[in-house]
Protein chains: 2
Amino acid sequence: MSPCSTLTEHLRQKGYRITLQREMIIQTIAHSEQHISAEEVFAEVRKHTPAANLATVYRTLDMLWEEGLACRNDLGECRIVYAALQHGPHIHLVCRYCNRLIDADPQALESLREELDTEYGFTADLQHISIFGVCAGCQLSSEKLKEE
Amino acid sequence: MSPCSTLTEHLRQKGYRITLQREMIIQTIAHSEQHISAEEVFAEVRKHTPAANLATVYRTLDMLWEEGLACRNDLGECRIVYAALQHGPHIHLVCRYCNRLIDADPQALESLREELDTEYGFTADLQHISIFGVCAGCQLSSEKLKEE
DNA sequence: TTCCTTATTGCAAGTATTTGCAATAAGGAA
DNA sequence: TTCCTTATTGCAAATACTTGCAATAAGGAA
């Protein structure tokens, strides 16, 4: 089954109605290689049909996220970005200084996930988590600055 | 030394100018018990002086965050929230459904921090990280829903 | 197939946040 | 102390995102 029909089937079972707009939005994120913004999803949908509105795109993406069918990442600077879940899990390391994005191995999060589950009964979305910090390059240049 | 003067000293050393606005904003977040929004910081500053502008508050808070002197958390729903660092570290668990906030023990993150440092040279801000997911209560009610 | 209920949409207005630019003022140099 | 450079501010406009509400249409019932 294609990722799109899996997603729409899931929604249908939860009682959501399947509209043209929703199908287009799901197709767009499912077929995108990268995480993309709401604005980009809107542009893509508009290529195929004029039946789309930016507010609907925002609402649908947030709904997919709430249902656990898409991931949502705040990359700082108004960069909120979505992706379908068939992308393999990974950690986004976002540099506070240069905004660079580094992908890290999600294995590092397994013990955390287990602890949050047993201790708090909380099912964490760790497939696509964003972690802010300072990358190696920016650390170096800030050290240089201090030496001067 | 008070948290405020530590912060301003740090900024001065980095070459930032210390303005009345910055002092007021630093005082506000340093004395706040809770994480607070830019709007709340602005309201607090305004109580003491009319010399303040919302844009300046946003700029200053982001600057403090970039310098690693404050933390910044996206709690979803346009809830971006700041705090000074003297608050003990903790994890925010944010429920995707009910937006409830649970504080978790930051100890769970130590091994992750080390791994990101050794593997990627990335210094992660894990003192006040937000993790999205589904809380125990919402998981229960969604299971009930399925049974019906 | 037609009808009905109500979830979903589009629109326009609202809130949250960022940005360009001219005016101001911090803090080092004279 | 005064002057000068330029970082910082305030303003107003731009962008990003959300929301209320009337109009539309999905999908189950008849």
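Proteins come first, then strands; the chains are lettered A, B, ... in the order of their sequence lines, and each starts at number 1.
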How long is the straight-line distance from [atom2] of [Y] back to [atom1] of [X], given to the nearest 0.5 Å?
| X | Y | atom1 | atom2 | result |
| --- | --- | --- | --- | --- |
| E40(A) | S32(A) | CD | OG | 7.5 Å |
| H31(A) | I26(A) | NE2 | CD1 | 11.0 Å |
| Y16(A) | T8(A) | OH | OG1 | 14.0 Å |
| M63(B) | T56(B) | CE | OG1 | 11.0 Å |
| I102(A) | F122(B) | CD1 | CZ | 5.5 Å |

Self-check item: L20(B) CG - dT24(C) P separation (whole Å)
Solution: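 Taking atom P of dT24(C) as the reference, CG of L20(B) is at 17 Å.
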Quiz item: Between L61(A) (CG) and dC17(D) (C1'), how many Å, whole number?
Solution: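 The distance from CG of L61(A) to C1' of dC17(D) comes to 12 Å, rounded to the nearest Å.
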Atom pairs under 3.5 Å, N or O on each side, protein against nucleotides 28-30 of chain D: can you list them with distances?
none

Provide the closest heavy-atom pair for [X] versus [Y] in the form atom of the first, atom of the second, distance.
| X | Y | value |
| --- | --- | --- |
| R22(A) | R17(A) | NH1-O, 2.9 Å |
| D105(B) | I91(B) | O-CD1, 3.4 Å |
| Y120(B) | A136(A) | O-CB, 4.2 Å |
| A124(A) | I131(B) | CB-CG2, 3.7 Å |

With a 4.0 Å cutoff (strictly under), does any side-chain N or O of [X] reach OP1 or OP2 of [N]?
| X | N | answer |
| --- | --- | --- |
| Y58(B) | dT17(C) | yes |
| N53(A) | dC11(C) | yes |
| Q21(B) | dA25(C) | no |
| T19(A) | dT8(C) | no |

Practice problem: For R46(B) and A52(B), indicate whether the former's side chain and the latter's backbone hold a donor-acceptor pair under 3.5 Å. | Solution: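 Judged by distance alone, yes, a pair lies under 3.5 Å.
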Quiz prompt | Residue closer to the 5' end of DNA chain C, R22(A) versus L54(B) (nearest nucleotide) | solution =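 Whichever sits nearer the 5' end wins; that is R22(A).
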Self-check item: Watson-Crick or G-U pairs under 3.5 Å in DNA chain C, rendered as dot-bracket with [ ] for crossing pairs and | for another strand
Solution: ||||||||||||||||||||||||||||||
Quiz item: Any chance the side chains of S111(A) and E114(A) put a donor and an acceptor closer than 3.5 Å?
Solution: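 S111(A) vs E114(A): no donor-acceptor pair found between side chains.
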Practice problem: Describe the nucleic acid contact of I18(A) in one word from base, sugar-phosphate, nothing, applying a heavy-atom distance below 4.0 Å. | Solution: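 Counting heavy atoms under 4.0 Å across all strands, the contact made by I18(A) is with sugar-phosphate only.
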Practice problem: Quick one: label R59(B) by what it contacts on the DNA or RNA (base, sugar-phosphate, nothing), any heavy atom closer than 4.0 Å. | Solution: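 Since a base atom lies under 4.0 Å of R59(B), the category is base.
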Please produce a list of atom pairs where a protein N or O lies less than 3.5 Å from an N or O of nucleotides 2-5 of chain C.
none

